[in-house]
Structure formats: C-alpha cells, structure tokens
There are 2 protein chains.
Amino acid sequence: MGRKAELSTEVIAAAASRLFQSRGFANTSLQDVAEAVGIPKGNFYYHFRTKDDIVRAVVEHRLGALDAELAALEKGSRDPGKRLVRFVQAMLTHPDAPFALGCPHGSLGLELAKARPDLLSAARPALERLRAWFAEQFRLAGASAGPDRLAMHLLARVQGLLLMAATFRDESFNRRELRELQKWIASQC
Amino acid sequence: MGRKAELSTEVIAAAASRLFQSRGFANTSLQDVAEAVGIPKGNFYYHFRTKDDIVRAVVEHRLGALDAELAALEKGSRDPGKRLVRFVQAMLTHPDAPFALGCPHGSLGLELAKARPDLLSAARPALERLRAWFAEQFRLAGASAGPDRLAMHLLARVQGLLLMAATFRDESFNRRELRELQKWIASQC
DNA sequence: GTCTATAATTCGATAGAC
DNA sequence: GTCTATCGAATTATAGAC
C-alpha cells in the first residue's frame, strides 16, 4: 500500500502548511519546519530533495483537508446554495485563521506569483479545487448565470474579503462584507 | 528646503518599491536594491538604519505616486463615477503590472500581516489613501449607500480581482470581472 | 559622504557515522 | 532510517579607510 515514509512525510507537510500560512513560504525556514515536527533539520532531506518540493507536498496535503471539509459541507446540507453560504460562514472559525492571515491558498499563490513564478503552478490546484466545488454547487442550484463564471467571481470576492480582513482588521467591515457576500450567493441560487 | 540626501533616499525608495512589487519584501535583499540604484550595498546604511525602515520610505514614495495618479484622474474627468471607472481601467496598463503581480499595496499588506505583523501598520497608509479617494468619489457622486462602505467594498473587489489575476492568469476572467466591477460602480453612482 | 572589507548570523543542502 | 556535524552561499549590519 503506502510508502514506508508516508506518515512522517505527511506530518512534515501538515506542519509546513501551517507555517506557510502563518509566516509565508519565504519566511519559513527548514529549521522552523524541523522544529515544529521535532526532527533535526538535516533529516528533512530524507523526505524531500529540496525546499521547493515541500510546496507540492503542502498543496497535496491541503487538497486532502479541503476534500474533507467540502464533504462535510455536502453531508451537512442538501441545498447547494446553503452549502456555499455555510462555506463562507465557516471561514470565521476556520483553524487557518483566514481573516487574520488571508486565504492560505490565495496568499501562497500571490507570494509565489511574485517571488517564485516557477512554483506558481504548484500552488494553483487548491484554488482550482475550490473553484470546481463552487461551480458544482451553483450548477446543482440551477443558477441562471454560468456556474463557472459565478464560481470564479465568488472565489475573487472571497480572496478580496480575506486580504482586506488581514490587512485592515476591521471587524465591522468583515461582518458587513461577509453578510453581503452571503446575500449575493443567495440571490444567484 | 530639502535634506541633502533627499534625492538619493527617494531614488532608493523608488527602486525598492519596484522590487517589493515584483519579488516581495522578504525576497528583496539590500543587495538587490543597491544594485538597482547603482551603489555598493554598504552605502545603504547611510540612508537607512535598517531594512525595515525602507518599508516606511517605500510606502511614503507610493503615497506620492498615488497622489499624482489620483490628481490626474480628477483633472481628466469631472464625473466622479467616471473617475472610479477609469481608475480600475487604468490598472490594465499600470507600470506596476497589478494584473500580473497583484496590487502593490494589498500584496505588501498581506505579506507583512503574515511575516511581519509589527510592520503591517507601515503598509496600510497606501491602502487607506485609496479607500479615502474612493469614498470621496462616491460621496461626490451622491451615492445612495454610505460612501465609506462602498469604498471598502470596491477596494476589496479590486484586491480580489488582482489576486486572482496574478495567480490564475486567465485573460477572459480578468476582462469579464473588470467589466462587471465597472458596471457595479456605475450602478452605485 | 562614498567606498571596501568584513563581521555575525542564518540559510539551504551535503557528508558520513551509527 | 535517523542522527550530528558542517559546508558554502547569502543575508543584515558594522567598521573604518579615503
């Protein structure tokens, strides 16, 4: 079945994912990751060949976490429009703290677009997973406009809301904008 | 009048501003800045005490550039609603290439919110200048909703659009979303 | 004021013992 | 497989000649 080192590699990816979200990719050293997992930093290179490789592992780990969260939303509600509303609502209490640090997938994409365009494609799958799930909910809801366009629009609104929340830290703006976004979702479903 | 070192300091800030936008703060070394200006990197510390200090100088430089751009928009159009429409249109050809690299002010804020929360407040003035100008245009246009809320909403939409543009590089999405944003502006003025 | 030289630290990555 | 030890390069920052 699985590779022998799978567990350790997955543990490292999970720790790196948290560190990338709270400090960014460039500001996370292998030392930081190694300390978070409790291994010497030299041992890191048994699991990964370079620091760049960890980005791919992090995104793969995030895809797994995302699948679980989206599956829970699908199980929790029959109405696809309500699922979307609950998704954006869940951001408020999400362990990744996107209102304080931005969307983990969007902020990683933006950082890589600037500093490491060669790695940008590695960060995109998580955002595309979100986009595809949004589109499916809109399609199931029988939205009037094209579900793909609505999905991209919603993703952009989410990214903008979370970037503003992280930089301005204005609670009343966060609440108001979140409510308006939920109203927009309902109006499209 | 001005300080003796004002010109060199301003030149450094301008170069650092461009590098922060294209590579990010953490990925821009003092060596990069020194090379861009054509001075030895040791000479940097005659103008700035630390690397952190350059963030404040960069934002101050950006405020000046922003003032000039907004003044040109005010001069070019009497209708405040049209000014807002032209502002978002101008992003397409802006030298900062926000569609490829994100909004320089928003992406700097997001990076600092993650990696250097102690420096976040230094990055905010540029975003707040934009917000204030948006609000003034909405107020002048006699918008029905509160101009401050409309301004924050517009800023969030812009940030979301540019983050998505930088990470997805989907030209048709960029055009469509830009057009929708302009339609929203017109509907509020 | 402007330059060279370099200190002090940290980084990603490697070598090799066990 | 897991550890220690360390390399070479890059980083921020300082010292001091001119």
Side-chain angles (χ1 to χ4, degrees), chain A residues 1-20 22-59 108 111-112 114-120 122-123, chain B residues 1-59 108 111-112 114-119 122-123:
Chain A
M1 302 274 233
R3 291 154 273 150
K4 282 179 196 161
E6 201 162 26
L7 190 133
S8 299
T9 302
E10 176 65 19
V11 169
I12 291 175
S17 175
R18 282 188 295 270
L19 285 166
F20 286 2
S22 58
R23 308 186 192 180
F25 171 68
N27 282 285
T28 299
S29 70
L30 300 182
Q31 178 116 296
D32 295 331
V33 179
E35 280 176 5
V37 184
I39 60 171
K41 70 170 178 172
N43 197 10
F44 173 88
Y45 291 89
Y46 172 73
H47 300 280
F48 301 95
R49 214 173 48 83
T50 68
K51 188 190 176 186
D52 291 0
D53 285 346
I54 216 178
V55 173
R56 292 173 241 280
V58 161
V59 174
L108 179 61
E111 178 180 359
L112 296 181
K114 293 173 100 75
R116 298 294 308 277
D118 58 317
L119 275 180
L120 173 57
Chain B
M1 305 272 233
R3 291 154 276 151
K4 281 179 196 161
E6 202 161 27
L7 190 133
S8 299
T9 303
E10 177 64 20
V11 169
I12 292 175
S17 175
R18 283 188 294 270
L19 286 167
F20 286 2
Q21 166 67 347
S22 58
R23 309 186 192 180
F25 170 69
N27 283 287
T28 299
S29 70
L30 301 182
Q31 178 118 296
D32 295 332
V33 179
E35 280 176 5
V37 184
I39 60 170
K41 67 173 176 169
N43 198 9
F44 173 87
Y45 290 90
Y46 173 75
H47 300 280
F48 301 95
R49 215 173 48 83
T50 68
K51 188 190 177 187
D52 290 0
D53 285 347
I54 217 178
V55 173
R56 291 172 242 280
V58 161
V59 174
L108 179 60
E111 177 179 1
L112 296 182
K114 292 172 101 75
R116 297 294 308 277
D118 57 317
L119 275 179

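Residue numbering restarts at 1 for every chain, and letters A, B, ... go by the order of the sequence lines.
Following rounding to the nearest Å, A:Ile12 (CD1) and D:dT2 (P) show an atom-to-atom distance of 10 Å. Separating the NZ atom of B:Lys41 from the P atom of D:dA15 is a distance of 16 Å, rounded to the nearest angstrom. Rounded to an integer number of Å, the gap from CG of B:Leu19 to P of D:dT11 is 12 Å. Atom P of nucleotide D:dT12 and atom CZ of B:Phe25 are separated by 8 Å, given to the nearest angstrom. Atom OH in A:Tyr45 sits roughly 16 Å away from atom C1' in D:dC3 (whole-Å rounding). Rounded to whole angstrom, the span from the CG atom of A:Leu30 across to the P atom of C:dT14 amounts to 11 Å. In this structure, CZ of B:Arg49 is placed 13 Å from C1' of D:dT12, rounded to the nearest angstrom. Here the P atom of nucleotide D:dT4 and the CZ atom of A:Phe44 are 17 Å apart, to the nearest Å.
In this structure the side chain of A:Ile54 reaches within 4.5 angstrom of the side chain of A:Phe44, judged on heavy atoms.
Within the cation-pi definition used here (under 6.0 Å to the ring centroid, within 45° of the axis), A:Lys51 qualifies as a partner of A:Phe25.
When each of D:dT12, C:dC3, D:dT2 is scored by its nearest atom to the side-chain atoms of B:Asn43, the top-ranked nucleotide is C:dC3. Side-chain proximity of B:Tyr46 to the nucleotides D:dA13, C:dT2, D:dC3 is greatest for C:dT2. You'll find that the side chain of A:Pro40 is closest to D:dC3, out of D:dT12, C:dC11, D:dC3.
We find the CD1-CD1 distance between B:Ile39 and B:Ile12 to be 4.0 Å, quoted to the nearest 0.5 Å. With rounding to the nearest 0.5 Å, the separation of CG in B:Asn27 from CG in B:Leu19 is 11.0 Å.
Contact annotation: A:Ser29 does not reach the phosphate of C:dT10 (side-chain N/O to OP1 or OP2, under 4.0 Å).
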